[in-house]
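Everything on this sheet refers to the single structure shown next.
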Protein chains: 2
Amino acid sequence: MHARHGVRWEGKNIGTVDRKKQVLEAASRSFALFGYKATTMDQVAKIANVGKGTIYTFFDTKEQLFDEILHGVISEMKTIIQREVDHDKTFFDNLFRVLDSLLEFRSEHELLMKLSQEVRDVGTPQSQEAMNQVESVILAYIEKEIRHAIAQHELRDCDPGIVSFLMFKMYVALTSEWNKNHEPLTKDQIKEHIRLFLEDGLAVHA
Amino acid sequence: MHARHGVRWEGKNIGTVDRKKQVLEAASRSFALFGYKATTMDQVAKIANVGKGTIYTFFDTKEQLFDEILHGVISEMKTIIQREVDHDKTFFDNLFRVLDSLLEFRSEHELLMKLSQEVRDVGTPQSQEAMNQVESVILAYIEKEIRHAIAQHELRDCDPGIVSFLMFKMYVALTSEWNKNHEPLTKDQIKEHIRLFLEDGLAVHA
DNA sequence: TGCATGACCACAAAACAAATTCAGTCATAA
DNA sequence: TTATGACTGAATTTGTTTTGTGGTCATGCA
């Protein structure tokens with residue numbers, strides 16, 4: 001249990017395990033596996049191989065620890081978006097590449113799925129708030145891109161607020177709500193239906 | 001309170017109030033106003049100006065009374081659909097006329113809104129089941145119409161199950177989910193956005 | 001001397017018990 | 001004969017005890 005005092009440098013342990021990272025990793029796994037409420041600080045300490053008090057040298061409260069992890073997830077999403085969006089390409093090109101990358105990220109999806117389940121089943125305020133934050137980040141991104149695409153005359157002139165909301169709801173419907181009564185859809189099915197509704201329209205035009 | 005003994009004919013009271021109708025009306029108003037759980041049989045009896053025992057001469061249980069009202073609502077929806085759908089007209093013509101009529105029906109919407117709120121807030125099994133029934137009736141209708149429209153080459157060849165699901169989710173998003181964070185949309189805004197996504201597509205085509 | 005630690009505490013949330021509500025019955029009265 | 005509302009007990013709600021958990025801090029090890 002006393003694995004500290006490796007070589008030290010600028011206050012951080014080198015050559016021995018980074019305790020903060022250990023805690024973050026343990027907490028991430030626990031939050032994704034059990035949700036916010038069912039994750040106890042004792043459990044996190046145990047998984048991280050760290051005394052409980054140690055957690056509180058890095059994080060003031062359970063909620064702050066959670067926020068840090070959540071912001072990590074949100075940052076990662078923003079990073080993905082920034083990496084994939086290239087304004088020399090078309091709106092739909094960018095959209096589908098972002099979608100592709102986003103659909104790959106199991107680890108993030110696991111946390112978010114668990115949190116949305118927790119919202120439905122117990123209504124934990126922290127998980128509710130977390131989902132709201134994630135939703136508003138995504139909506140803000142979509143809305144910004146829609147405005148840009150309208151300015152470029154790539155999209156029809158529409159209300160970006162309503163349209164981004166609908167696009168998001170469509171994504172949620174395809175990736176999680178559909179699964180409540182049916183076999184999950186493949187990545188390609190999801191993309192194909194988003195394309196159908198957004199790009200082409202359902203109607204056969206003359 | 002003793003308003004019976006009117007003229008009788010084939011076992012029904014004539015010239016005095018129809019007690020069954022009174023009960024149904026009272027129960028309808030109460031279910032729409034307070035939901036399933038918060039509606040008590042004593043209350044229904046009071047509103048209907050009828051002794052509680054009388055209700056049980058017409059309906060075996062509270063649940064059966066509720067089912068009868070729900071099936072009334074569902075029948076009315078089916079009637080509206082049958083009245084508005086004309087297979088000589090296009091899929092979208094029919095869709096928008098049905099949408100128009102459906103959006104008019106305050107009384108049905110009130111019951112369904114109350115029930116879906118009850119599902120969220122308390123999770124009453126009866127209201128959950130009711131919403132499921134309504135959903136599956138609507139989905140079945142949309143799916144049937146989509147199959148027909150595909151056969152007529154009015155719609156692209158797509159999966160009717162997934163597409164009807166998405167259309168329904170879109171409708172719910174626009175008519176109720178949007179209202180949680182924004183001012184409600186007008187009927188025309190709702191129709192215009194459904195048209196945008198389904199008929200035209202968002203993209204500006206060359 | 002400094003820092004990780006886990007026993008410890010206060011308090012929030014289960015678990016349980018007591019009180020109340022309400023669906024459904026039935027003896028009564030009109 | 002039939003509508004009725006007082007009545008019953010199962011199910012829910014409310015109030016109380018017990019348990020579990022977030023957060024602290026005196027201790028001991030390096």
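Numbers restart at 1 for each chain; the letters A, B, ... are given by sequence-line order, proteins then strands. Given the structure is predicted, the values throughout are model-derived calculations rather than measurements.
Paired regions of DNA chain C, where each region holds three or more successive Watson-Crick or G-U pairs whose two hydrogen-bonding distances fall under 3.5 Å, are C:1-30 with D:1-30.
Taking a cutoff of 4.0 Å between a charged side-chain nitrogen and a carboxylate oxygen, B:E177 and A:K169 qualify as a salt bridge. Between A:E68 and A:K20, at least one side-chain N (NZ, or NE/NH1/NH2) sits under 4.0 Å from a carboxylate O, which counts as a salt bridge.
A straight line from NZ of B:K20 to C1' of D:dA3 spans 17 Å, rounded to a whole angstrom. With rounding to whole Å, B:F66 atom CZ is found 14 Å from C:dA23 atom P. Residue A:F58 contributes atom CZ, which lies 11 Å from atom P of C:dC3 at whole-angstrom precision. Between A:I55 atom CD1 and D:dT21 atom P there is a gap of 14 Å when expressed in whole angstrom units. In this structure, the CG atom of B:N49 is 13 Å from the C1' atom of D:dT4, given to the nearest Å.
Looking at B:H87 and B:Q152, their side chains never come closer than 4.5 Å, going by heavy atoms from C-beta outward.
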Show each protein N/O and nucleotides 22-26 of chain D N/O combination with a separation under 3.5 Å, one pair to a line.
| from | atom 1 | to | atom 2 | distance (Å) |
| --- | --- | --- | --- | --- |
| D:dG22 | OP1 | A:T39 | O | 3.3 |
| D:dG22 | OP1 | A:K62 | NZ | 3.1 |
| D:dG22 | OP2 | A:M41 | N | 2.8 |
| D:dG22 | N7 | A:K52 | NZ | 3.2 |
| D:dG23 | OP2 | A:Y56 | OH | 3.1 |
| D:dG23 | OP2 | A:K62 | N | 2.5 |
| D:dG23 | N7 | A:K52 | NZ | 2.9 |
| D:dG23 | O6 | A:K52 | NZ | 2.3 |

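For the pair A:K62 and A:Y36, the cation-pi test (distance below 6.0 Å, angle within 45°) is passed. Geometrically, B:R195 does not engage B:F92 in a cation-pi contact, judged by NZ or CZ lying under 6.0 Å from the ring centre and within 45° of the ring axis.
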*List the steps, then state whether salt bridge (Lys or Arg N to Asp or Glu O under 4.0 Å) holds for B:E110 with B:K114.*
CA-CA 6 Å; B:E110 249 146 51; B:K114 192 72 206 176; over 6 Å; no
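In this structure, B:H71 has no ring pair (Phe, Tyr, Trp, His ring centres under 6.0 Å) partners at least two apart in sequence or on a different chain.
Annotation for B:R120: atom CZ counts as buried by contact number, over 12 foreign heavy atoms lying within 6.0 Å.
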